[in-house]
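So the structure is just underneath, and the comments pick up after that.
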Amino acid sequence: MPRLTLRSEDFRINYPATVNQRDVEALLGLLQSSRKSLLARVAAAGIKIQFPVLEVVVNETTGDFVGRTGLPIWAAAATRGNKIELQPLETLKRRGILETTLRHELVHTTIDLVSRGRAPRWLAEGFALHLAGEGRVVARYEPRKRMTTTAIDKQLGYSTWTVSANEMRTVYAAAYGEVRRLVKSEGEANVWKRLAK
């Protein structure tokens with residue numbers, strides 16, 4: 001299947017020719033506005049970063065996504081370096097998670113830049129959920145017994161092929177709970193500063 005590319009100063013979107021160009025233009029608009037918002041939040045914490053040009057790959061099928069990322073079918077996206085791999089746009093729209101998925105993946109890129117790739121996984125995932133606006137959705141899965149950040153990191157390190165979607169939601173919810181407490185006690189700006197140290 002032929003693929004097309006839509007470029008801006010900040011993003012390069014590679015997508016199947018079967019996807020409507022208006023949908024890709026809307027995707028680019030969401031990416032641009034999310035990037036701008038994230039850069040403002042980081043700047044409010046007194047931190048300067050240089051955002052790289054990001055490549056966003058829209059996969060044609062879930063099978064393509066799984067094959068390219070090694071993630072299970074329930075995963076929405078993956079970010080590695082300057083590349084974001086997405087499930088098919090229609091899949092993300094149908095699941096009602098296109099916007100939050102884009103924000104979540106951009107947050108990961110931002111956290112990696114601020115922390116120079118050294119953020120603990122619990123903090124990176126929990127903060128991504130917080131900043132992407134996914135907290136309310138995931139909070140209902142928070143475990144009854146509070147997990148330590150070490151235990152959360154250990155669970156996040158397991159292969160996603162050996163963990164069910166529900167188990168992973170619980171671990172993500174635990175990470176979000178820790179970040180929610182941290183933001184409440186220290187403020188968002190101090191969480192960014194903690195990542196920068």
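Owing to the predicted nature of the structure, the values given are computational and were not obtained by experimental measurement.
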Heavy-atom count around [X] [atom1] within 6.0 Å, excluding the residue itself: above 12?
X: R22; atom1: CZ; answer: no
X: K93; atom1: NZ; answer: yes
X: Q21; atom1: CD; answer: no

Margin query: With a 4.5 Å cut-off on side-chain heavy-atom distances among I, L, V, M, F, W and Y, is there a chain of contacts connecting L102 to L39?
Written below: yes
Note to self: If hydrophobic clusters are built from ILVMFWY residues whose side chains come within less than 4.5 Å, do M168 and V137 share one?
What the structure shows: no
Check: Is it true that E142 and R180 have a side-chain N and a carboxylate O under 4.0 angstrom from each other?
Finding: yes
Notebook entry, point to check: Between R146 and E178, is there a salt bridge with N-O shorter than 4.0 Å?
Noted result: yes
Taking C-beta and beyond as the side chain, do [X] and [Y] meet within less than 4.5 Å on heavy atoms?
X: L106; Y: L131; answer: no
X: P88; Y: E60; answer: no
X: V179; Y: L129; answer: no
X: N14; Y: V58; answer: no
X: L54; Y: T109; answer: yes
X: K197; Y: L195; answer: no
X: E188; Y: K193; answer: no
X: L27; Y: L89; answer: yes

Next item on the list: Write out all pairs satisfying ring pair (Phe, Tyr, Trp, His ring centres under 6.0 Å) with one or both partners inside residues 168-197, taking only residues at least two apart or from two chains.
Entry: F127-W192
Which atoms form the tightest heavy-atom contact between [X] and [Y], and what is the distance?
X: T170; Y: P143; answer: O-CD, 3.7 Å
X: P16; Y: N59; answer: CG-C, 4.3 Å
X: I111; Y: A119; answer: CG2-CB, 3.7 Å
X: L156; Y: R121; answer: O-NH1, 2.8 Å
X: V53; Y: E9; answer: CG2-O, 3.5 Å
X: T101; Y: A76; answer: OG1-CB, 3.7 Å

Going from [atom1] on [X] to [atom2] on [Y], what distance comes out if it is rounded to the nearest 0.5 angstrom?
X: L38; Y: T110; atom1: CG; atom2: OG1; answer: 4.5 Å
X: T69; Y: E85; atom1: OG1; atom2: CD; answer: 7.0 Å
X: R35; Y: L31; atom1: CZ; atom2: CG; answer: 10.5 Å
X: L4; Y: T18; atom1: CG; atom2: OG1; answer: 9.0 Å
X: I49; Y: D112; atom1: CD1; atom2: CG; answer: 10.5 Å
X: S164; Y: R169; atom1: OG; atom2: CZ; answer: 8.0 Å

Next item on the list: Given side-chain hydrogen bond (donor to acceptor under 3.5 Å, both in side chains), test Q32 with D10 step by step and report yes or no.
Entry: CA-CA 8 Å; Q32 291 289 156; D10 305 307; 3.0 Å; yes
Next item on the list: Walk me through it: do E125 and H130 pass the test side chain to side chain contact (heavy atoms under 4.5 Å, CB included)?
Entry: CA-CA 9 Å; E125 288 301 342; H130 169 75; over 6 Å; no
Notebook entry, point to check: For V57 and R68, what are the C-alpha separation, side-chain angles and deciding distance, and is it a side chain to side chain contact (heavy atoms under 4.5 Å, CB included)?
Noted result: CA-CA 10 Å; V57 177; R68 289 172 59 88; 3.6 Å; yes
Next item on the list: Tell me whether the guanidinium CZ or amine NZ of R3 lies under 6.0 angstrom from the six-membered ring centre of Y15 and within 45° of its axis.
Entry: no
Note to self: So does Q87 get a backbone contact from the side chain of T91, meaning a donor-acceptor N/O pair under 3.5 Å?
What the structure shows: no
Next item on the list: Give a yes or no answer on whether the side chain of D153 reaches the backbone of W122 with a donor-acceptor pair at less than 3.5 Å.
Entry: yes
Notebook entry, point to check: Pick from H104, E105, H108: which one makes a side-chain hydrogen bond (donor to acceptor under 3.5 Å, both in side chains) with T79?
Noted result: E105
Next item on the list: List the steps, then state whether side chain to side chain contact (heavy atoms under 4.5 Å, CB included) holds for L86 with F65.
Entry: CA-CA 7 Å; L86 295 174; F65 172 79; 5.9 Å; no
Item checked: side chain to side chain contact (heavy atoms under 4.5 Å, CB included) between T62 and V66, intermediate numbers included -> CA-CA 6 Å; T62 295; V66 170; 4.3 Å; yes
